[in-house]
Every structure is written in C-alpha cells, then in structure tokens.
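One structure is given below, encoded as structure tokens.
Position 1 is the first residue of the sequence, and the numbers go up from there. Because the structure is a prediction, the values reported are computed rather than measured. Note that these values count all heavy atoms, side chains included, but never hydrogens, waters or copies made by symmetry.
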Amino acid sequence: MSLFGDGLEAAVQKAFTRPAPKSAPAQMRYLVKQLKGTKAVAQMLRISQRTVERYVKGQIKKPRPDLAVRMEREVKKRWQPQVRARARQKAATTGGIVIDTRARMGYTAPIGSTDESRIRHLTIALPPQHAARLFDAQEAGASDARLQDIAAEALKEVYFQDSGSRAGSLEEVRFTDIEHLEFDL
C-alpha cells in the first residue's frame, strides 16, 4: 500500500465531476473501451479473456474480492483524465495542496535543540510549488518513501521554518508512525 501516493490520488479523485462505474459489468465495459479490447483487459487483470467477455455481457455480476479491488483501482486510475489533469494543474500553479496528518515528527538540528520527535497533528496548506513537486514525482513513478521525503521537506519549509522566517540550522524533518494522512486540493 502506498500511503502518500494513494493519498494524492484520493485528493485528485475528489475533483471528479461524475462517479466512476460501480457495477462489475459496467467497470469491465469501461476498461474494454479504454484498452480497446478484451485481451488487453484480461492480461492487465490477470484473468481469462473469456471471463472478461462474460462480465461485458452481464453473465457474471459479482467478482471475487481480489478481482473487484483490481478492477476498481484500474477504472479509477483511468477515469476522467482531463478532470484529473486540470485538478493537478490548478494545485500545482495556483491552489496548492492541504496536508492533514497525525504522525510522529521531529527534526534533526544542532545539539541543544529541544524539539524532539513527538506525535503532532498538523493541517497545513502547502503552496503550489510543493504540490507541483509531489505530483511531478508521482507522475515519474517515485516510491512512497520519496513522496514522503518531499512532503517532509515541504513541512520543514512551511511549518517548522515558517516559510523561511525561522530558517535557522534545521537539517531534516522526518515522518515516523503515521496514524493519519490526507491530502486535499
């Protein structure tokens, strides 16, 4: 499970103007249309081409749980690409992104610092340049650890250094024990 990647994806999905197909046959028909054939869908979902055809015809209506999860993930990944792109563009240029997290956070600083790692609940509006970095890294296939590092760097600048006004000698901010994480555009 990709906590930061899934969180960014969920934030973008809030911008959808129509709900994605819910029933298994409707999801399968959508995937067949998007991938232009039952063979490509079968390979992607790791099922037989005949099974895909039976879903499309409505002969099978209830997939097994693991297949249902894969189908839903693949549909949402492809659903409303223009709306998705517009939401990302707006966040990266004008709107920014809000991060709401409850996690153990601390930072590395010179000896004598009193700000040890502790549980913090932060809801911070990150400026557009940080949203752009997160989305660009996600598009490039960055790992969840890399997305976490980018979010920590953004929190370092915006929260811990107060957008540069407390620029001291803060070296690194890190997340551990994440209890809650949510992004909003």
Exercise for the section: Under the ring-ring contact (aromatic ring centres under 6.0 Å, His included) rule, collect the residues that match up with Phe183, sequence neighbours excluded. Expected result: none

Practice task
Could you work out the complete set of other residues in the hydrophobic cluster of Ile119, with links drawn between I, L, V, M, F, W and Y side chains under 4.5 Å apart?
Solution key: none

Practice task
Could you note down all residue pairs passing ring-ring contact (aromatic ring centres under 6.0 Å, His included) where residues 37-74 supplies at least one of them, sequence neighbours left out?
Solution key: none

Problem - In one Ile/Leu/Val/Met/Phe/Trp/Tyr side-chain cluster, 4.5 Å: Val158, Leu122 - result: yes

Completion exercise
In this structure, CZ of Arg102 is separated from NE2 of His180 (nearest 0.5 Å) by 10.0 Å

Handout entry: Main-chain N/O of Leu181 paired to Thr101 side chain as donor or acceptor, under 3.5 Å
Key = no

Handout entry: All side chain to side chain donor-acceptor pair (under 3.5 Å) counterparts of Arg70, not counting sequence neighbours
Key = Asp66

Handout entry: Test side chain to side chain donor-acceptor pair (under 3.5 Å) applied to Thr94 - qualifying residues, sequence neighbours left out
Key = none

Problem - Of all pairs that satisfy salt bridge (Lys or Arg N to Asp or Glu O under 4.0 Å), the ones with a partner from residues 42-51, not counting sequence neighbours - result: Arg50-Glu53

Using atom types as modelled, flag every donor-acceptor pair under 3.5 Å from a side chain in residues 25-33 to any protein atom, sequence neighbours excluded.
unit_1	atom_1	unit_2	atom_2	d
Gln27	NE2	Pro21	O	3.2
Arg29	NH1	Val56	O	3.3
Tyr30	OH	Arg78	O	2.9

Show the atom names and distances, to 0.1 Å, of all donor-acceptor pairs under 3.5 Å that link a side chain in residues 125-142 to residues at least two apart or in another chain.
unit_1	atom_1	unit_2	atom_2	d
Arg133	NH1	Glu153	OE1	3.1
Arg133	NH2	Glu153	OE1	2.8
Gln138	OE1	Arg88	NH2	3.1
Gln138	NE2	Gly5	O	3.1
Glu139	OE2	Arg88	NH1	2.7

Compile the donor-acceptor pairs under 3.5 Å between side chains in residues 36-44 and protein atoms, sequence neighbours left out, one pair per line.
unit_1	atom_1	unit_2	atom_2	d
Thr38	OG1	Gln49	NE2	2.8

Handout entry: Joint cluster assignment, Trp79 & Val12, ILVMFWY side-chain distance < 4.5 Å
Key = no

Practice task
Could you tell me whether Glu179 atom CD has more than 12 heavy atoms of other residues or ligands within 6.0 Å of it?
Solution key: yes

Practice task
Give a yes or no on whether the backbone of Gln89 and the side-chain of Thr93 come within a donor-acceptor separation of less than 3.5 Å.
Solution key: yes

Problem - Hydrophobic cluster (4.5 angstrom, side-chain heavy atoms) - remaining members for Val69 - result: none

Practice task
With sequence neighbours excluded, give me every salt bridge (Lys or Arg N to Asp or Glu O under 4.0 Å) pair touching residues 14-27.
Solution key: Lys14-Glu182, Lys14-Asp184

Fill in the blank from the handout: Residue set satisfying side chain to side chain donor-acceptor pair (under 3.5 Å) with Arg73, at least two apart, ordered chain then number -> none

Practice task
Please check if the side chain of Arg120 supplies one atom and the backbone of Met105 the other of a donor-acceptor pair under 3.5 Å.
Solution key: yes

Practice task
Assess whether side chain to side chain contact (heavy atoms under 4.5 Å, CB included) is satisfied between Lys77 and Glu74, documenting all intermediate values.
Solution key: CA-CA 5 Å; Lys77 189 187 323 180; Glu74 294 300 329; 3.3 Å; yes

Practice task
Taking all non-hydrogen atoms of both residues into account, name the closest pair between Ala151 and Phe4 and its distance.
Solution key: CB-CE2, 3.7 Å

Practice task
To the nearest 0.5 angstrom, please state how far the OG atom of Ser2 sits from the CD atom of Gln148.
Solution key: 10.0 Å

